[in-house]
Amino acid sequence: MDTTTSRLAHNYHPLPVVIDSAAGAWVTDVDGRRLLDMLSAYSAMNFGHGHPALVAAAQAQLARMTLVSRAFEHSLLERFAAALGDLVGKEMVIPMNTGAEAVETAIKVARKWAYEVKGVEQDAAEIIVMSGNFHGRTTTIVGFSDDPETRRDFGPFTPGFVLVPYGDAAALEAAITPRTAAVLLEPVQGEAGVVLTPEGYLRRVRELCTVHDVLMVADEVQSGLGRTGTTVACEAYDVVPDLYVLGKALGGGIVPVSAVVGDRRVLEVLRPGQHGSTFGGNPLACAVGLAVVDLLRSGEVQARAARLGERLRAALTPLVGNGLVELRALGLWAGLDVDPARGTGREVCEQLLRRGVLAKDTHGSTIRLSPPLTISEDDLEWGLARVAAVVAG
Ligand SMILES: *Cc1c(COP(=O)(O)O)cnc(C)c1O
């Protein structure tokens, strides 16, 4: 698309492809060319395009009822909250729409909990966040990003956030004060390039939060709902946070659905009139969200992601030192740091596109792979062979 004639604000720089339809792990562009989707809308499309159970749930609900607002109850709302809470082992749910809104909700809940329950002095609460974080695009959220591109020209920003290095438990411990309400972190940093933490780190974060009466808030908007081979990434590290922030795949790639999920002792600080959303928890969102939870209940999708993830690692590990500087992977999710001699991440993604594979670069030389968890083994191998061919040159 020519940016001088486009009527779209230029806040994205998409790869040169115009997609017209999609099914399963494949998309078709306006010229009829089929491409393998190895991004899955940043994990929002975890179950593949047009998953029959999700489409059926959405279609049935479209004809029945789509929105009544939270001024009234509707017949799916309690069921959705119970199903989602049970899936991750928590008592209460606040439904929202986008990931950023759910993060904002968690921030508000953590601050209110700090004042009401922990006894922090009014307006003094602090939330500790991590270097390399990505939690969305609202002004509050970009204000505590450490990425200059994300922040520049959008200030002034909301105070009350303290930044520490991701993966450094000693730095976190040193930053905790009696005013600390919460530690907000991604158990795996997706946008930063599938960045993983050192062995034992997340367990230590959990311990520090427990000892210092601080809420551990896990932003699992991208890492959650099967991607890591477990229902949530925290499970892969054997930790249980106080609050989960979920989004992306929760809407099945059909509607935006997000939620904060946590224990009653924390979420009950919100009372009528103190927080809300016109569309949050709407019947269509609940119908799709319930169908998503149904798909995850047996654990088969998660096990499949773990198994396919082993194939992914087996195919890509030999590239380290031969086109890749580093490979990070968990479940069916990988960050590939491309050797700058092979070109930028963008150039590699353009080459992949020419070979029929959709992937996305991040931060210059990193490529993120997150194919649908429903991808067939043959399609995955086909895509990985193309990645290997491009990366190894
Ligand atoms: C995508 C993302 C968000 C923001 O979600 P939106 O739906 O785009 O607002 C928040 N946190 C993480 C970890 C994400 O990956």
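All residue numbers refer to positions in the sequence shown, counting from 1. Order of listing sets the numbers, starting from 1, for every ligand and every atom in it. As the structure is a computational prediction, the values presented were derived from the model and not from experiment.
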Is a salt bridge present between [X] and [Y], judged by a nitrogen-to-oxygen distance below 4.0 Å?
{"X": "Arg311", "Y": "Glu381", "answer": "yes"}
{"X": "Arg152", "Y": "Glu149", "answer": "yes"}
{"X": "Arg304", "Y": "Glu300", "answer": "no"}
{"X": "Asp146", "Y": "Arg151", "answer": "no"}

Exercise for the section: Select one of side chain, backbone, both or neither to describe which atoms of Arg137 lie under 4.0 Å from any atom of ligand 1, heavy atoms only. Expected result: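 The answer is neither; Arg137 stays 4.0 Å or more away.
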Practice task
Heavy-atom distances under 4.0 Å are what count here, so tell me which part of Phe134 touches ligand 1: side chain, backbone, both or neither.
Solution key: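 Both backbone and side chain of Phe134 come within 4.0 Å of ligand 1.
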Problem - Glu186 neighbourhood, listing ligand 1 atoms whose heavy-atom distance to it stays under 4.0 Å - result: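 Contacts of ligand 1 toward Glu186, numbered from 1: 13 (C).
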Exercise for the section: For Thr98, counting its heavy atoms only, list the atoms of ligand 1 lying under 4.0 Å from any of them. Expected result: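 Checking each atom against Thr98, I get 7 (O), 9 (O).
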Practice task
State yes or no: do Leu15 and Val391 share one hydrophobic cluster built from I, L, V, M, F, W and Y residues joined by side-chain heavy-atom distances below 4.5 Å, directly or via other members?
Solution key: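 No, no single cluster joins them.
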Practice task
Identify the protein heavy atom lying closest to atom 11 (N) of ligand 1, giving its residue, its atom name and the separation to 0.1 Å.
Solution key: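 Of the protein heavy atoms, Asp219 OD2, 2.7 Å lies nearest.
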Exercise for the section: Note the single closest protein heavy atom to atom 9 (O) of ligand 1, along with its residue, its atom name and the distance in Å. Expected result: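 Ranking protein heavy atoms by distance from atom 9 (O) of ligand 1, first comes Ala100 N, 2.8 Å.
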Practice task
May I ask which of Glu191, His135, Met96 has a heavy atom nearer to atom 10 (C) of ligand 1 than the others do?
Solution key: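 Minimum heavy-atom distance to atom 10 (C) of ligand 1 goes to His135.
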Is any N or O atom of [X], backbone or side chain, closer than 3.5 Å to an N or O atom of ligand 1?
{"X": "Lys248", "value": "yes"}
{"X": "Gln222", "value": "yes"}
{"X": "Gly99", "value": "yes"}

Handout entry: Nearest heavy-atom neighbours spanning Leu284 and Ala58
Key =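 Between these two residues, the closest heavy atoms are CD1-O, 3.7 Å.
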Handout entry: Verify atom 6 (P) of ligand 1: protein non-hydrogen atom under 4.0 angstrom away
Key =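 So atom 6 (P) of ligand 1 has protein heavy-atom neighbours under 4.0 Å.
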Handout entry: Any pair counted as ring-ring contact (aromatic ring centres under 6.0 Å, His included), so long as it reaches residues 4-29, sequence neighbours left out
Key =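 Of all non-adjacent pairs touching residues 4-29, those that pass ring-ring contact (aromatic ring centres under 6.0 Å, His included) are Trp26-Trp382.
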